[in-house]
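To start, the structure under review is shown below, and the notes come after it.
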Amino acid sequence: MSLATHPSGSGSRLRLAVVAAAGSLLLAACGSSSSGGSVASDLHDQLPEQVRSSGVLRIGTDLSYAPIGFKNANGKPDGLDVDLANALAGVLGVRVQFNEVPFDRLFLGLQAREFDVVMSGMTDNLQRRDGTDDQARKMNSGVDFVDYFITGTSIVVAKGNPQKISSLDDLCGRTVALQRGTVQASLAERQAGLCEKTRKKLTIQETDTDDQALALVAQGRAAADLSDTPAASYAAQQGRAGAQFQLTGQQMQAGPYGIALSKEDTALRDVLAKALDRVIRSGDYDKILAKWGLSAGAAQNAVVNGGF
């Protein structure tokens, strides 16, 4: 994937190329989209029978990744994914049920049919679609994606950047922290191979959540945290547990977030893509992104399996 600079906040659109287990249950009732969009009966009728008859779209998500998905001060689901899921459900005439699951167990829950889709700031890439690991070994049946947002990876360091990190190469000989199961884990593994050639070992510390990775940086036990740019920027703006952070270097590996579904669920995939297009055209999509300061990552339209 190509490199891109950090979003400037100007609201300019990044255009998405068309070419190309059990947790607590948190319910959110929806009869219309969050910004006033109306139910489209034609789309409701295209939903799979199970979703249509139950009136519920079950979503697996990791609610520890502000501002994408997290629990607010009242303990309720909040963030970009939550607002967008509610808007989609409103167009489809169903409710959403958020199933809170650690990020690295989301695929297992999807395969076990514990929920219908995964919506958790998950990057659409070829590995996940094919169900392979970094060595191209088959790990599972893979998934399909409906892409809805574009972002990349950023480097988060302690305020003042005490170890003078400005690129991945600067991490050689140091420790980097990151959430397990993420695209950042693969990125760090590749960088570790490059660091070996310089005889400066890169130590990778994987954690259950990004907050835990940030804590290691705050404690001086890791030089940096690798995270998706929205979460990295949020941590730099808001801080974590009294610690302050900043971004350094350039955003890397720009690509789309996607709603993940079983490859067998083509009907649900296609109706979700149609629903997303309607939310985009209604203007609700832009309002949701603006609310979270994420307008620079807006997709022009819904795309199925558009990641690289």
Hey, is the main chain of [Y] close enough, under 3.5 Å, to the side chain of [X] for a donor-acceptor pair?
X	Y	answer
Arg128	Thr123	yes
Thr207	Leu178	yes
Asp104	Gly181	no
Thr153	Gln253	no
Tyr285	Ala299	yes
Gln46	Ala267	no
Asp147	Gly306	yes
Asp81	Gly69	no

Please name the pair of heavy atoms, one in [X] and one in [Y], separated by the smallest distance, quoted to 0.1 Å.
X	Y	value
Thr61	Ser120	OG1-OG, 3.6 Å
Ala85	Ile59	CB-CD1, 3.6 Å
Asp228	Tyr257	OD2-OH, 2.6 Å
Gln251	Gly152	OE1-N, 3.3 Å
Ala218	Ala243	CB-CB, 3.5 Å
Ala224	Ile155	CB-CG2, 3.7 Å

Exercise. Do you see a donor-acceptor pair shorter than 3.5 Å between the side chains of Asn305 and Asp144?
Worked result: yes
Which residues satisfy the salt bridge (Lys or Arg N to Asp or Glu O under 4.0 Å) test with [X], sequence neighbours excluded?
X	value
Asp170	none
Asp116	Arg58
Arg240	Asp211

Tell me, do [X] and [Y] make a side-chain contact under 4.5 Å, heavy atoms counted?
X	Y	answer
Leu268	Leu47	yes
Asp78	Asp83	yes
Gln300	Ile280	no
Phe149	Leu289	yes
Val82	Asn86	yes
Leu88	Ile259	yes
Arg221	Gln205	no
Ser295	Asp286	no

Seminar exercise, completed: When rounded to the nearest 0.5 Å, the distance separating CG of Leu226 from CD1 of Ile204 is 9.0 Å
For this session: Kindly compute the distance separating CD (Glu49) from OG (Ser54), expressed to the nearest 0.5 Å.
Result: 8.5 Å
For this session: Can you tell me which residue pairs pass the ring-ring contact (aromatic ring centres under 6.0 Å, His included) test with a partner in residues 46-73, sequence neighbours excluded?
Result: Phe70-Trp292
For this session: Decide yes or no on side chain to side chain contact (heavy atoms under 4.5 Å, CB included) for Ser64 and Asp210, but give the supporting numbers first.
Result: CA-CA 7 Å; Ser64 66; Asp210 189 55; over 6 Å; no
Problem set entry | SB check Asp208 Arg180 (cutoff 4.0 Å) | yes
Problem set entry | Leu57 with Val146, same ILVMFWY side-chain cluster at under 4.5 Å | yes
Exercise. Honestly curious: do Val183 and Leu80 fall in one hydrophobic cluster under the side-chain, below-4.5 Å linking rule?
Worked result: no
I'd like a table of donor-acceptor pairs (distance under 3.5 Å, sequence neighbours excluded) in which one partner is a side-chain atom from residues 188-202, with atom names and distances.
unit_1, atom_1, unit_2, atom_2, d
Gln191, NE2, Leu168, O, 3.4
Gln191, NE2, Asp169, OD1, 3.1
Thr198, OG1, Cys195, O, 2.7

For this session: Take Gln163 and Val157 through the side chain to side chain contact (heavy atoms under 4.5 Å, CB included) test and state the conclusion after the steps.
Result: CA-CA 8 Å; Gln163 299 196 43; Val157 297; over 6 Å; no
Problem set entry | Partners passing side-chain hydrogen bond (donor to acceptor under 3.5 Å, both in side chains) against Asn140 (at least two apart in sequence or in another chain) | none
For this session: Tell me, with the steps shown, if Asp62 and Gln179 meet side chain to side chain donor-acceptor pair (under 3.5 Å).
Result: CA-CA 11 Å; Asp62 176 2; Gln179 185 178 7; 2.9 Å; yes
